[in-house]
Amino acid sequence: MKTLLKVFLLLASVTLIVGGSLYFAKTRLDPPRSVAVGNPHVAHVGSCIAQIQQAHDDNGLYQCFFRTNHLIGFVSDQGLVTTAESDSLKTAMLQRYVPAYARWCKRYFRVPTWYEGDLRQMRKHAKLVRGVKDSTGKAIAAEGSATGRELDEVMRVLERYDSASYLVRNTEFVSMQVSESRIARARRLRRDEVLSYNVRLVHQLDSVAYLTEKSHFKYLEERVEHMSQYAWMNGLDNFMALYDKVSAEIDEYEYGADEVYGRSRGVNSLRRRLETYKSEAERHYDDRPFFERVVDEIFG
(Lines give C-alpha, C1' and ligand atoms only; values in the text may rest on other atoms or scores of the structure.)
Protein backbone atom coordinates (compact mmCIF):
# COMPACT_ATOMS: atom_id res chain seq x y z
CA MET A 1 0.00 0.00 0.00
CA LYS A 2 2.80 2.36 0.89
CA THR A 3 4.58 1.43 -2.32
CA LEU A 4 1.52 2.31 -4.43
CA LEU A 5 1.19 5.66 -2.65
CA LYS A 6 4.83 6.47 -3.34
CA VAL A 7 4.42 5.58 -7.04
CA PHE A 8 1.30 7.79 -7.27
CA LEU A 9 3.05 10.79 -5.68
CA LEU A 10 6.06 10.31 -7.96
CA LEU A 11 3.90 10.28 -11.09
CA ALA A 12 2.00 13.38 -9.93
CA SER A 13 5.26 15.26 -9.33
CA VAL A 14 6.60 14.35 -12.77
CA THR A 15 3.34 15.44 -14.37
CA LEU A 16 3.42 18.84 -12.67
CA ILE A 17 7.07 19.41 -13.60
CA VAL A 18 6.57 18.51 -17.24
CA GLY A 19 3.29 20.46 -17.54
CA GLY A 20 4.78 23.55 -15.93
CA SER A 21 7.78 23.43 -18.27
CA LEU A 22 5.55 23.13 -21.34
CA TYR A 23 3.33 26.06 -20.16
CA PHE A 24 6.36 28.29 -19.54
CA ALA A 25 7.79 27.47 -22.96
CA LYS A 26 4.49 28.14 -24.70
CA THR A 27 3.48 31.36 -22.94
CA ARG A 28 6.82 33.00 -22.13
CA LEU A 29 9.37 31.76 -24.66
CA ASP A 30 6.88 31.57 -27.54
CA PRO A 31 3.87 33.84 -26.73
CA PRO A 32 0.77 33.74 -28.97
CA ARG A 33 1.04 35.92 -32.07
CA SER A 34 -2.63 36.00 -33.06
CA VAL A 35 -3.65 38.74 -30.54
CA ALA A 36 -3.96 42.14 -32.38
CA VAL A 37 -2.39 45.16 -30.67
CA GLY A 38 -4.33 48.48 -31.23
CA ASN A 39 -2.64 51.53 -32.79
CA PRO A 40 -1.22 53.46 -29.81
CA HIS A 41 -1.40 56.74 -31.75
CA VAL A 42 -5.14 56.35 -32.22
CA ALA A 43 -5.50 55.66 -28.52
CA HIS A 44 -3.46 58.76 -27.65
CA VAL A 45 -5.57 61.01 -29.87
CA GLY A 46 -8.67 59.40 -28.38
CA SER A 47 -7.55 60.43 -24.91
CA CYS A 48 -7.17 64.04 -26.13
CA ILE A 49 -10.66 63.94 -27.60
CA ALA A 50 -12.03 62.76 -24.25
CA GLN A 51 -10.54 65.84 -22.57
CA ILE A 52 -12.88 68.12 -24.55
CA GLN A 53 -15.66 67.25 -22.12
CA GLN A 54 -13.54 68.52 -19.23
CA ALA A 55 -13.10 72.08 -20.60
CA HIS A 56 -14.92 74.73 -18.57
CA ASP A 57 -15.10 77.69 -20.97
CA ASP A 58 -14.68 78.70 -24.58
CA ASN A 59 -10.93 79.19 -24.22
CA GLY A 60 -10.50 75.73 -22.73
CA LEU A 61 -12.62 74.23 -25.50
CA TYR A 62 -10.62 76.04 -28.14
CA GLN A 63 -7.32 74.82 -26.67
CA CYS A 64 -8.57 71.23 -26.69
CA PHE A 65 -9.79 71.59 -30.27
CA PHE A 66 -6.57 73.21 -31.47
CA ARG A 67 -4.32 70.66 -29.74
CA THR A 68 -6.34 67.65 -30.92
CA ASN A 69 -6.76 68.87 -34.49
CA HIS A 70 -3.04 69.61 -34.71
CA LEU A 71 -2.20 66.16 -33.31
CA ILE A 72 -4.43 64.40 -35.84
CA GLY A 73 -2.74 66.34 -38.63
CA PHE A 74 0.69 65.40 -37.31
CA VAL A 75 0.08 61.63 -36.96
CA SER A 76 -1.60 61.64 -40.38
CA ASP A 77 1.29 63.45 -42.07
CA GLN A 78 3.79 61.09 -40.45
CA GLY A 79 1.89 58.02 -41.60
CA LEU A 80 1.28 56.88 -38.03
CA VAL A 81 -2.44 56.37 -38.70
CA THR A 82 -4.33 55.26 -41.77
CA THR A 83 -6.55 57.54 -43.82
CA ALA A 84 -9.62 55.82 -42.43
CA GLU A 85 -8.34 56.23 -38.87
CA SER A 86 -7.61 59.91 -39.49
CA ASP A 87 -11.14 60.52 -40.82
CA SER A 88 -12.62 58.62 -37.89
CA LEU A 89 -10.60 60.66 -35.37
CA LYS A 90 -11.61 63.97 -36.96
CA THR A 91 -15.25 62.97 -36.88
CA ALA A 92 -15.02 61.81 -33.26
CA MET A 93 -13.32 65.08 -32.30
CA LEU A 94 -16.05 67.23 -33.86
CA GLN A 95 -18.82 65.06 -32.48
CA ARG A 96 -17.48 65.92 -29.03
CA TYR A 97 -16.43 69.51 -29.68
CA VAL A 98 -19.45 70.91 -31.56
CA PRO A 99 -22.13 70.01 -28.95
CA ALA A 100 -19.86 71.15 -26.08
CA TYR A 101 -19.10 74.45 -27.76
CA ALA A 102 -22.74 75.00 -28.78
CA ARG A 103 -23.80 74.49 -25.16
CA TRP A 104 -21.30 77.13 -24.03
CA CYS A 105 -22.57 79.58 -26.69
CA LYS A 106 -26.17 79.05 -25.65
CA ARG A 107 -25.26 79.78 -22.04
CA TYR A 108 -23.47 82.93 -23.17
CA PHE A 109 -26.53 84.08 -25.14
CA ARG A 110 -28.52 84.11 -21.90
CA VAL A 111 -26.41 86.80 -20.22
CA PRO A 112 -27.70 90.41 -20.43
CA THR A 113 -24.56 91.86 -22.03
CA TRP A 114 -22.85 90.51 -25.15
CA TYR A 115 -19.40 91.71 -26.17
CA GLU A 116 -18.32 92.06 -29.77
CA GLY A 117 -14.97 90.41 -29.01
CA ASP A 118 -16.73 87.29 -27.75
CA LEU A 119 -18.98 87.18 -30.81
CA ARG A 120 -15.99 87.54 -33.13
CA GLN A 121 -14.38 84.62 -31.32
CA MET A 122 -17.50 82.52 -31.90
CA ARG A 123 -17.30 83.23 -35.61
CA LYS A 124 -13.59 82.37 -35.59
CA HIS A 125 -14.28 79.02 -33.90
CA ALA A 126 -17.08 78.26 -36.34
CA LYS A 127 -14.80 78.97 -39.30
CA LEU A 128 -12.11 76.67 -37.90
CA VAL A 129 -14.61 73.89 -37.28
CA ARG A 130 -16.10 74.24 -40.76
CA GLY A 131 -12.56 73.99 -42.12
CA VAL A 132 -11.95 70.46 -40.81
CA LYS A 133 -12.25 68.13 -43.81
CA ASP A 134 -12.02 64.41 -44.38
CA SER A 135 -9.74 62.66 -46.87
CA THR A 136 -12.16 63.41 -49.74
CA GLY A 137 -12.09 67.15 -49.04
CA LYS A 138 -15.59 67.25 -47.58
CA ALA A 139 -16.19 69.42 -44.50
CA ILE A 140 -17.19 67.10 -41.67
CA ALA A 141 -19.25 69.71 -39.81
CA ALA A 142 -20.59 71.43 -42.93
CA GLU A 143 -23.73 73.53 -42.70
CA GLY A 144 -26.76 71.25 -42.68
CA SER A 145 -24.76 68.15 -41.72
CA ALA A 146 -25.59 66.00 -38.69
CA THR A 147 -22.26 66.86 -37.06
CA GLY A 148 -22.64 70.59 -37.66
CA ARG A 149 -26.33 70.90 -36.76
CA GLU A 150 -25.81 72.49 -33.34
CA LEU A 151 -23.20 74.85 -34.76
CA ASP A 152 -25.81 75.91 -37.35
CA GLU A 153 -28.10 76.99 -34.50
CA VAL A 154 -25.36 79.19 -33.01
CA MET A 155 -24.62 80.76 -36.38
CA ARG A 156 -28.30 81.54 -36.97
CA VAL A 157 -28.38 83.45 -33.67
CA LEU A 158 -25.31 85.43 -34.76
CA GLU A 159 -26.94 86.16 -38.12
CA ARG A 160 -30.04 87.53 -36.40
CA TYR A 161 -27.81 89.57 -34.09
CA ASP A 162 -25.99 91.01 -37.11
CA SER A 163 -29.31 91.86 -38.72
CA ALA A 164 -30.47 93.61 -35.56
CA SER A 165 -27.17 95.47 -35.21
CA TYR A 166 -27.46 96.67 -38.81
CA LEU A 167 -30.95 97.99 -38.12
CA VAL A 168 -29.95 99.98 -35.04
CA ARG A 169 -26.98 101.49 -36.90
CA ASN A 170 -29.02 102.50 -39.94
CA THR A 171 -32.00 104.58 -38.88
CA GLU A 172 -31.60 107.28 -41.54
CA PHE A 173 -34.85 108.07 -43.31
CA VAL A 174 -35.16 106.76 -46.87
CA SER A 175 -38.91 106.53 -47.46
CA MET A 176 -42.06 105.79 -45.51
CA GLN A 177 -42.18 102.29 -46.99
CA VAL A 178 -38.60 101.56 -45.89
CA SER A 179 -39.34 103.01 -42.44
CA GLU A 180 -42.38 100.79 -42.02
CA SER A 181 -40.47 97.67 -43.06
CA ARG A 182 -37.48 98.56 -40.87
CA ILE A 183 -39.59 99.17 -37.77
CA ALA A 184 -41.57 95.96 -38.27
CA ARG A 185 -38.30 94.04 -38.57
CA ALA A 186 -36.94 95.67 -35.41
CA ARG A 187 -40.08 94.69 -33.49
CA ARG A 188 -39.79 91.05 -34.63
CA LEU A 189 -36.14 90.88 -33.59
CA ARG A 190 -37.04 92.57 -30.32
CA ARG A 191 -39.25 89.60 -29.51
CA ASP A 192 -36.67 87.00 -30.60
CA GLU A 193 -36.38 84.26 -27.97
CA VAL A 194 -32.57 84.52 -27.78
CA LEU A 195 -31.87 88.15 -28.70
CA SER A 196 -34.31 89.32 -26.04
CA TYR A 197 -31.72 88.41 -23.38
CA ASN A 198 -29.41 91.15 -24.69
CA VAL A 199 -30.59 94.18 -22.73
CA ARG A 200 -28.62 96.76 -24.69
CA LEU A 201 -29.73 95.40 -28.05
CA VAL A 202 -33.37 95.32 -26.97
CA HIS A 203 -33.16 98.97 -25.93
CA GLN A 204 -31.60 99.89 -29.28
CA LEU A 205 -34.29 98.00 -31.20
CA ASP A 206 -36.96 99.81 -29.19
CA SER A 207 -35.36 103.10 -30.32
CA VAL A 208 -35.45 102.35 -34.05
CA ALA A 209 -38.90 103.92 -34.55
CA TYR A 210 -37.99 107.04 -32.57
CA LEU A 211 -34.66 107.55 -34.36
CA THR A 212 -36.16 106.95 -37.81
CA GLU A 213 -38.94 109.49 -37.13
CA LYS A 214 -36.33 111.97 -35.94
CA SER A 215 -34.37 111.45 -39.15
CA HIS A 216 -37.55 111.79 -41.20
CA PHE A 217 -38.43 115.16 -39.70
CA LYS A 218 -34.86 116.37 -40.19
CA TYR A 219 -35.09 115.28 -43.82
CA LEU A 220 -38.24 117.41 -44.27
CA GLU A 221 -36.57 120.41 -42.64
CA GLU A 222 -33.64 120.09 -45.06
CA ARG A 223 -35.97 119.72 -48.02
CA VAL A 224 -37.88 122.88 -47.07
CA GLU A 225 -34.65 124.78 -46.46
CA HIS A 226 -33.39 123.73 -49.87
CA MET A 227 -36.31 125.64 -51.38
CA SER A 228 -34.63 128.87 -50.23
CA GLN A 229 -32.21 128.31 -53.13
CA TYR A 230 -34.93 129.25 -55.63
CA ALA A 231 -32.65 131.71 -57.43
CA TRP A 232 -30.57 128.77 -58.75
CA MET A 233 -33.49 126.62 -59.92
CA ASN A 234 -33.63 127.97 -63.48
CA GLY A 235 -37.17 129.24 -63.52
CA LEU A 236 -40.38 129.25 -61.56
CA ASP A 237 -41.63 126.09 -63.26
CA ASN A 238 -38.71 124.10 -61.86
CA PHE A 239 -39.24 125.62 -58.45
CA MET A 240 -42.97 124.77 -58.46
CA ALA A 241 -42.31 121.18 -59.53
CA LEU A 242 -40.03 120.75 -56.51
CA TYR A 243 -42.46 122.69 -54.33
CA ASP A 244 -45.23 120.20 -55.15
CA LYS A 245 -42.98 117.25 -54.23
CA VAL A 246 -41.93 118.76 -50.90
CA SER A 247 -45.50 119.69 -50.07
CA ALA A 248 -46.59 116.10 -50.79
CA GLU A 249 -43.79 114.77 -48.56
CA ILE A 250 -44.99 116.98 -45.70
CA ASP A 251 -48.53 115.67 -46.23
CA GLU A 252 -47.24 112.09 -46.18
CA TYR A 253 -45.52 112.69 -42.85
CA GLU A 254 -48.46 114.55 -41.34
CA TYR A 255 -51.00 111.83 -42.15
CA GLY A 256 -48.78 108.74 -41.77
CA ALA A 257 -46.20 109.36 -39.07
CA ASP A 258 -48.40 108.38 -36.15
CA GLU A 259 -49.22 105.03 -37.71
CA VAL A 260 -45.67 104.19 -38.79
CA TYR A 261 -43.62 105.66 -35.93
CA GLY A 262 -46.16 105.85 -33.15
CA ARG A 263 -45.46 109.57 -32.82
CA SER A 264 -45.39 112.74 -34.92
CA ARG A 265 -44.62 116.43 -34.75
CA GLY A 266 -46.48 119.46 -36.00
CA VAL A 267 -45.65 120.54 -39.54
CA ASN A 268 -47.17 124.05 -39.54
CA SER A 269 -43.77 125.70 -39.25
CA LEU A 270 -42.55 123.70 -42.25
CA ARG A 271 -45.54 124.75 -44.30
CA ARG A 272 -45.12 128.43 -43.39
CA ARG A 273 -41.47 128.40 -44.42
CA LEU A 274 -42.33 126.59 -47.64
CA GLU A 275 -44.98 129.18 -48.50
CA THR A 276 -42.53 132.00 -47.70
CA TYR A 277 -39.99 130.59 -50.16
CA LYS A 278 -42.75 130.15 -52.73
CA SER A 279 -43.72 133.82 -52.47
CA GLU A 280 -40.08 134.88 -52.73
CA ALA A 281 -39.57 132.66 -55.77
CA GLU A 282 -42.63 134.08 -57.49
CA ARG A 283 -41.36 137.60 -56.96
CA HIS A 284 -37.87 136.61 -58.09
CA TYR A 285 -39.08 135.14 -61.37
CA ASP A 286 -41.79 137.74 -62.03
CA ASP A 287 -40.68 139.44 -65.27
CA ARG A 288 -43.43 142.06 -65.37
CA PRO A 289 -42.45 145.73 -65.24
CA PHE A 290 -41.53 146.97 -61.77
CA PHE A 291 -44.50 149.42 -61.51
CA GLU A 292 -46.98 146.71 -62.44
CA ARG A 293 -45.59 144.34 -59.83
CA VAL A 294 -45.70 147.01 -57.09
CA VAL A 295 -49.33 147.85 -57.88
CA ASP A 296 -50.23 144.18 -57.86
CA GLU A 297 -48.58 143.67 -54.46
CA ILE A 298 -50.31 146.72 -53.00
CA PHE A 299 -53.78 146.17 -54.36
CA GLY A 300 -53.69 142.40 -54.70
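At a cut-off of 3.5 Å, with distance as the only test, no side-chain donor of Tyr62 or His125 sits close to an acceptor on the other residue. For the residue pair Arg182/Thr171, the side-chain donor-acceptor check at 3.5 Å is not satisfied. Between Tyr277 and Glu225, the side chains place a donor N or O and an acceptor N or O closer than 3.5 Å (distance only, hydrogens not considered). Side chains of Tyr253 and Ser264: a donor-acceptor N/O pair is absent below 3.5 angstrom, by distance only. No hydrogens or angles considered: a donor-acceptor pair under 3.5 Å links the side chains of Asp118 and Tyr108.
Side-chain atoms of Lys90 never come within 3.5 Å of backbone atoms of Ile140 as a donor-acceptor pair (strictly under, hydrogens ignored). No donor-acceptor pair under 3.5 Å is formed between the side chain of Ser207 and the backbone N or O of Tyr210.
Aromatic ring orientation, Tyr219 versus His216: tilted (interplanar angle from 30° to 60°). Aromatic ring orientation, Phe109 versus Trp114: tilted (interplanar angle from 30° to 60°).
Cluster membership check: Phe74 shares its hydrophobic cluster with Leu94, using side-chain heavy-atom separations under 4.5 Å among Ile, Leu, Val, Met, Phe, Trp and Tyr.
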Using salt bridge (charged side-chain N to carboxylate O under 4.0 Å, His left out), reason through Glu249 and Arg223 one step at a time and then give a plain yes or no.
CA-CA 9 Å; Glu249 289 173 344; Arg223 289 282 280 172; 3.0 Å; yes
Evaluation steps, side chain to side chain donor-acceptor pair (under 3.5 Å), between Glu275 and Tyr243
CA-CA 9 Å; Glu275 292 303 317; Tyr243 168 90; 2.3 Å; yes
Are Tyr261 and Thr212 close enough, and set up right, to give a side chain to side chain donor-acceptor pair (under 3.5 Å), and what steps lead you there?
CA-CA 8 Å; Tyr261 305 120; Thr212 305; over 6 Å; no
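For CD of Gln63, the number of neighbouring non-hydrogen atoms (other residues, nucleotides, ligands) closer than 6.0 Å is greater than 12. Annotation: Gln229, atom CD; neighbour count of heavy atoms from other residues, nucleotides and ligands within 6.0 Å is above 12.
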